[in-house]
Visitor: 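After the C-alpha cells below, expect a handful of questions from me.
FYI, side chains are in, hydrogens and waters are out, and symmetry mates aren't considered; it's all heavy atoms of this structure.
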Amino acid sequence: MSAPIDPSSVSSWEDAFQHPIPQVRQLERQLRADLSSNKEKLRGLVGESYRDLLQTAERIIDMDVAAKNVGAHLREASQNCNSRLLERKAKNLKGFNDMMDKRDREKYTFAAQLSVLQACPSVISRLLHNDQGDSCLLVAKVFVISRLLLKSLSEKSSLPLLTTLRSQFLTLRPILLQHIDTLLSSITLSSSLLVSTLTAFSVLKTSSPSEVLRHFLYIRSTALSSLHSGSDPDAILKSVTLFNKTLNDADATFPGLLSDALVTLKSKSLLQDTEVTDLPELGLDVNVRWLPEDIRGFIPWVRHDDLEALRVQEIVRTWVEKEVRKLNERLETFLNAMDCIASIVKLRGGMLALWRSGKQIRRKILSDGSIGGGENFRNIIMARVVAVMKSVAEDLRGVGEKIEQLLNDAEGEAKDSTSLWPATPLPVDLSNGVSAFRTAISNRVHGKSPVVLTFLSTYNLWLTKISVIATIFRDLRSTDPQSTETEDEDFEAEEERTQAGIEDSLLAEKELTAALDGAYRLLESSLNSLLDLTPLTCRQATFLLRAVRQIRQITPKRQGDDANPIISLTWVGVDAIPKLHLMIATFVTMKPLDNVASLLKRRKWEEQVVSKPLWEGEGELLPVQPSLLVFRFLHDLVIEMRNTGEDVWTPAAVKCVKAGACNKLWAAMEEVLQRREFGDPEPDPEPLVNVKEEEEEEEMKVVTEPKVENGDKVDVDVQTPPNDTNNEDHNPPPADADAPETNGDTDTHESKSAPEPVLEPAPAPAPAPAPAPTPKPARITRDWTLQLLLIPSTSTKHYTVDSFIGAKLALDEELRIRLEGSASEYWKRTCLLFALLS
C-alpha cells in the first residue's frame, strides 16, 4: 500500500491528481476532517472573546458610577471645609486639654513618682542577687533615680510610706557600696566589668577619677590583708597574683577607660538610658511622662578630667612600696608556720614565677621597675628553708638519745639461737621469694640484732628526710616548671631564673653540709661522753661499736645519686672505735686469761714434757707445736670472740685482742717463772728410801670436732674427767699445792710409785736423829722452757720473758731462729681453726 499524501506538499489541485485515485481520496478525507476541526476551534474562540467583551463593558459601567460618586463627595467636602473653623476647633481642644491637665497633673505626677519609687527597692534587690559586676552600674543608676524621686516627694508630702522607703534606701546604700567593694577586691574581675564597677562607685559617691583610684587601691590593699587572715595555704600566691592584677588594672583603667566611661555616662539623662527604660518593674513607658522635668532630664555630674598619667604613677608607686613591705612581712609570717621544705620550695617557685610575670608592668608603672624589698622574697624564703633544714639536721641528736636508751636493751638482749641450716624447714615467709631469707642471713652476718635494727630504723628515718631535702636542693638548679609562657619567651627572664636557682641551690647545699657536719660532730661528742662517763658491759660496748659502724657506713645521700655522699663520715668514731675495741678485747680475753693463769700456777714444771717425742730437728730436738694449754687458750678465746659477734672483729679489733691477750698471758707466765730455777733437776746420789710411785691418771682435755645439732655448729666440746680441776666453766676451784694436777699438754698417764717399805740394815745402835732436809726451790725443766718459747708473740712482755729465760738457759741465736720458724709454720697450718684471730 502506498503512503498517504502529505497536505503540505500539495500546492495546487493539479499536484494532487498526480497521485493515484485512492491516495487522492484519502487526501480529500483528511482535508475535510481538518476543516471541520478548524471550524469548531474558531467557533469556541469567538464565543470566549464575546463573554470577555461583555464583562469589560460591565466594569466600565461600574467605574463610571464610582467616579460620579467620588465627584459628588469631593464636591460636598469642598463645600463643608473651612480653615478658620478648623483653627477654632483645635484651639478649643487645646484649651480643654490644658484645663484637664491642670486639674489632674499634680495627682498623676505624685502617683507616677510614688509608683516608680516603690518599685526601685525590689529592682535593686533583684539586680544585686547573683550579680558578678555586669549589673552594678545599672543598680547605681536606679539608686540615683530613686534618690531623686525620694527627695522630690519628700518636699511635697510627709506620708509614712516615704519614711519607710527612706529607711529601705538607707539600708540598701551600704549594701550596694559593700557589693562594689567586693567586686573590686576580686581577682577574677575582668577589665570591662572593673570599669563598670568603678563608674558605679563614681556615680554613687559623685567621686572624681583620682578619688576613685585611691578607693580602688585601698580596697585592693584591704583584700591583700584579708587573704592572710584565713588558713588558705595558697594565700601568699594569691596575694602576689592580686598585687600584679592591681598594677595591670590601674595601668589599663586609669585615667583612660574610666574617663571615657564617665563621659559616656554624661552624654544623656538617666531616664533616657535604654537599660533603665527596659526595666519592667518601673513602668517607665507609662510613668515617665508624668515625672517632673528635672528628673527626666537629670544627668549625673562627675569630674572626668582631674587625673593624669603622671599622677597615676605617683599614687601607684606610693601604694606599691607600702604593699611590698607588707608582703615581705606576711611572707615571713606565713613561712614561720611551714615546716615542710618541699612545700616551701614549691611556694618559692610559684611566688618567684608570679613576681617575674609582673616585671614588665612594674617597669611601665614604676619607670625603672625597682622597688624596695622585691628581691627580699628569695632571701626570706631561703632563710626559712635553711632554718627548717637545720632543724631537721639537729634531729640527729635524737639518734644519739636512741642509742643511749637502747643500751639497757642491748644488755638484756638474748642471743639469737635460730639456725640458718636446720634439719627441718625454717618458718620463713617465701611469698616474696628469698628476700626474707637473704635479709636474715645479712642481719646475722653483719650483727644486726633487733636492738641494732631498732637503732637503724630511727637513723634511716632521719637519713630519708635528709635525702629528700638534699634532692630538693639539687633540683633547684633545674628549670622552674611553674614558669609562664611569657617567661619562656623572655630570654632575660629565663637566664635570671636559672641563675637564681643555681645560687639558691649552692647556698642551700653549703648550709646543708655545714649543718650535717655540726650535727655529726655533736653526735660524736655525745657518744664519746657516753663512752667516758658510763660503765659499759661487753654487750653494750658491742652494740655501741655496731651503731658507730653503721653511722660511718650509711652516709647521707641524694636520691638517685648513691655514688656521691653529701658528707664524708670517715672521721666519725676515730676516737671512740679504738676505745671500744680495747674495751671489748678486755672483756673477751678476761675469762680465757683467768683460766690460763690458774693453770699456769698449778702446773708441775719440773715434770717431763709429754709431747717431747714429737719434737723434731737436727742436733738438739725442738718442739714443733705449742702445748695443749696454749691451744685450749686460743680455742676459748675464739669461742668468746664468736659469742661476742663475728662482725665485730675487724683487723684493728683483732689486733687489740692479740696485743692485750699476749701482754696478759706473758705477764701471768712471768709471774709464775720469776720464782723458779731453770734447768733439769739433779738426781739424789744416795736415796734413803725407795718411794713407791703412786700412779695418777691425768686425762688430757680432748678437743673434738664441732658437732652439728639441728643444722647448727656447736662450740667445740672439751672433755674432762670429773676430778679435773680445769672444767668447762673455766672457773677451777682452788686446789691444794700438794694435790695431783692434770697436765694440760698430755693425754698419757703418768704414774708415781707409792712409798715402799724401808729395808732396815743389820741391827745396830740407834743412829742420831737426822737433820731436817733443806727444801728444794721450784724448778722448770729445759724442755718446758723450750716449749714456752715456741709461742709466737710481739708483746713487750714476751721479750722480757724470752730474754729472762734465754739468759738462764744460754740459748744461742740458731735455736731462737728455729723456734720462731717452727711457731710460724705451725700457725700457718692451724690458723683456720682460729679464723677470727687470723
Visitor: Can you tell me if T109 uses its side chain to pair, donor with acceptor, with the backbone of W290 under 3.5 Å?
Guide: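 Side chain of T109 to backbone of W290, a donor-acceptor pair under 3.5 Å: yes, one is there.
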Visitor: Hey, are the side chains of H179 and V139 touching, using non-hydrogen atoms and a 4.5 Å cut-off?
Guide: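 Contact flag for H179/V139 side chains = no.
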Visitor: If the plane angle is over 60° it's perpendicular, under 30° parallel, otherwise tilted; pick one for F243 and W319.
Guide: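 Plane angle under 30°, so parallel.
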Visitor: Is there a side-chain contact between L279 and L138 in this structure, where contact means two heavy atoms from C-beta onward sitting under 4.5 Å apart?
Guide: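 A side-chain contact exists here, since the closest heavy-atom pair is under 4.5 Å.
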Visitor: For F254 and P209, work out which heavy atoms get closest and say how close.
Guide: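 Nearest pair, atom of F254 first, then P209: CE2-O, 3.9 Å.
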Visitor: Distance alone, cut at 3.5 Å: any donor-acceptor contact between the side chains of Q499 and E503?
Guide: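 A donor-acceptor contact under 3.5 Å links the two side chains.
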Visitor: Just by modelled atom types, is the L148 backbone N or O under 3.5 Å from a matching donor or acceptor in the S152 side chain?
Guide: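 Between the backbone of L148 and the side chain of S152 there is no qualifying donor-acceptor contact (under 3.5 Å).
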Visitor: Please answer whether the main-chain N or O of T182 pairs with a side-chain N or O of S186 as donor and acceptor at a distance below 3.5 Å.
Guide: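 Flag not set: sc S186 to bb T182 has no pair under 3.5 Å.
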Visitor: Using a strict cut-off of less than 4.0 Å between a Lys/Arg side-chain nitrogen and an Asp/Glu carboxylate oxygen, indicate whether E281 and R126 qualify as a salt bridge.
Guide: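 Looking at E281 and R126, the cut-off is met.
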Visitor: So L335 and L347, do their side chains get closer than 4.5 Å, heavy atoms only?
Guide: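 Sidechains of L335 and L347: in contact.
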Visitor: Just do the side-chain contact (heavy atoms from CB on, under 4.5 Å) check on T56 and R59 with the steps written out, would you?
Guide: CA-CA 5 Å; T56 302; R59 283 197 294 270; 3.6 Å; yes
Visitor: Give a yes or no on whether the backbone of T199 and the side-chain of S202 come within a donor-acceptor separation of less than 3.5 Å.
Guide: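 Looks like no, no N/O pair under 3.5 Å.
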Visitor: Give me the atom names and distance for the closest heavy-atom approach of L237 to L354.
Guide: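 Looking at all heavy atoms of both residues, the closest pair is O-CD1, 3.5 Å.
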Visitor: Is any side-chain N of the basic residue among D181 and R220 closer than 4.0 Å to the acidic one's carboxylate O?
Guide: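 Salt bridge: no.
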Visitor: With a 4.5 Å heavy-atom cut-off, do L161 and Q118 have their side chains touching?
Guide: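 Side chain of L161 against side chain of Q118, heavy atoms only: contact under 4.5 Å found.
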Visitor: Can you check whether F298 reaches V144 side chain to side chain, under 4.5 Å on heavy atoms?
Guide: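 Side chain of F298 against side chain of V144, heavy atoms only: contact under 4.5 Å found.
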Visitor: What heavy-atom pair brings L159 and S157 nearest, and what distance separates the two atoms?
Guide: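 For L159 versus S157, the nearest heavy atoms are CG-OG, 3.2 Å.
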Visitor: Checking the side chain of S221 only, and the main-chain atoms of L217 only, is there a donor and an acceptor separated by less than 3.5 Å?
Guide: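 No, because the side chain of S221 does not come within donor-acceptor range (under 3.5 Å) of the backbone of L217.
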Visitor: Quick one: pull up SG in C136 and CD1 in I180 and give me the separation to the nearest 0.5 Å.
Guide: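 CD1 of I180 is found 4.0 Å from SG of C136.
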Visitor: Would you say that L176 contacts L204 through its side chain, given a criterion of any heavy-atom pair below 4.5 Å between the two side chains?
Guide: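 Contact flag for L176/L204 side chains = yes.
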Visitor: Is E87 paired with K91 through a side-chain N to carboxylate O contact shorter than 4.0 Å?
Guide: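 No salt bridge links K91 with E87.
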Visitor: Within this structure, what is the CD-CZ distance for the pair E321 and R325, rounded to the nearest 0.5 Å?
Guide: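 One gets 6.5 Å once the value is rounded to the nearest 0.5 Å.
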Visitor: Quick one, L282 and V288 - any side-chain contact, counting heavy atoms below 4.5 Å?
Guide: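 A side-chain contact under 4.5 Å is absent here.
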Visitor: Closer than 3.5 angstrom, by distance alone: can the side chain of T277 be matched with the main-chain N or O of T274 as a donor-acceptor pair?
Guide: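 Yes; at least one donor-acceptor contact below 3.5 Å.
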Visitor: List the atom of K205, the atom of L177, and the distance in Å for their closest heavy-atom pair.
Guide: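 Scanning both residues completely, I find the closest heavy atoms to be CD-CD2, 4.1 Å.
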Visitor: Using the rule given for side-chain contact (heavy atoms from CB on, under 4.5 Å), can you reason through F216 versus T253, listing the C-alpha separation, both sets of side-chain angles and the distance that settles it, and then say yes or no?
Guide: CA-CA 11 Å; F216 170 68; T253 306; over 6 Å; no
Visitor: Output yes when a side-chain donor or acceptor of D64 lies under 3.5 Å from a complementary backbone atom of I60, and no otherwise.
Guide: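 No; zero donor-acceptor contacts below 3.5 Å.
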Visitor: How many angstroms lie between atom CG of N130 and atom CG of L127, to the nearest 0.5 angstrom?
Guide: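 So the gap between those two atoms works out to 11.5 Å.
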Visitor: Considering non-hydrogen atoms only, spot the tightest contact between L198 and L184 and give its length.
Guide: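 Between these two residues, the closest heavy atoms are CD2-CD2, 3.5 Å.
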Visitor: From L183 CG over to Q178 CD, what is the distance, rounded to the nearest 0.5 angstrom?
Guide: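 So the gap between those two atoms works out to 10.0 Å.
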Visitor: Nearest 0.5 Å, what's the CG-CD distance between L53 and Q55?
Guide: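 One gets 10.0 Å once the value is rounded to the nearest 0.5 Å.
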Visitor: Tell me, yes or no, whether the heavy-atom count around K326 atom NZ, taken from other residues, nucleotides or ligands under 6.0 Å, exceeds 12.
Guide: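 Yes - once you tally the heavy atoms of other residues, nucleotides and ligands closer than 6.0 Å, there are more than 12.
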Visitor: Using 4.0 Å as the upper bound for N to carboxylate O, is an ion pair formed by E314 and R311?
Guide: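 E314 and R311: salt-bridged.
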Visitor: Given side-chain contact (heavy atoms from CB on, under 4.5 Å), test D251 with K364 step by step and report yes or no.
Guide: CA-CA 9 Å; D251 177 66; K364 181 178 180 181; 3.0 Å; yes
Visitor: Between CG of L165 and OG of S154, what distance do you get to the nearest 0.5 Å?
Guide: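 OG of S154 is found 9.0 Å from CG of L165.
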Visitor: Could you go step by step and tell me if R384 and L331 meet the side-chain contact (heavy atoms from CB on, under 4.5 Å) rule?
Guide: CA-CA 10 Å; R384 181 56 184 170; L331 175 61; over 6 Å; no
Visitor: Counting distance only, does the side-chain N/O of R356 pair as donor-acceptor with the main-chain N or O of E496 below 3.5 Å?
Guide: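 No; zero donor-acceptor contacts below 3.5 Å.
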Visitor: State whether the side chain of R362 and the backbone N or O of W355 hold a donor-acceptor pair below 3.5 Å, judged by distance alone.
Guide: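 Here the side-chain-to-backbone pair exists.
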Visitor: Check for a donor-acceptor pair, side chain of S267 on one end and backbone N or O of T264 on the other, with a separation under 3.5 Å.
Guide: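 Present.
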Visitor: Quick one: sort the H215 and F201 rings into parallel, tilted or perpendicular, breaks at 30° and 60°.
Guide: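 Rings of H215 and F201: parallel, under 30°.
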Visitor: Salt bridge between K245 and D249, side-chain N to carboxylate O under 4.0 Å?
Guide: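 Between D249 and K245 there is a salt bridge, with a charged N closer than 4.0 Å to a carboxylate O.
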Visitor: Strictly below 4.0 Å, N to O, side chains only: are E293 and R296 in salt-bridge contact?
Guide: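 Here E293 pairs with R296 in a salt bridge, since their nearest N and O are under 4.0 Å apart.
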Visitor: Determine the minimum heavy-atom distance between P300 and K266, stating which atoms define it.
Guide: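 Looks like O-CG, 3.3 Å.
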Visitor: Check whether any side-chain heavy atom of V203 sits under 4.5 Å from a side-chain heavy atom of F143, and report yes or no.
Guide: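 A side-chain contact under 4.5 Å is absent here.
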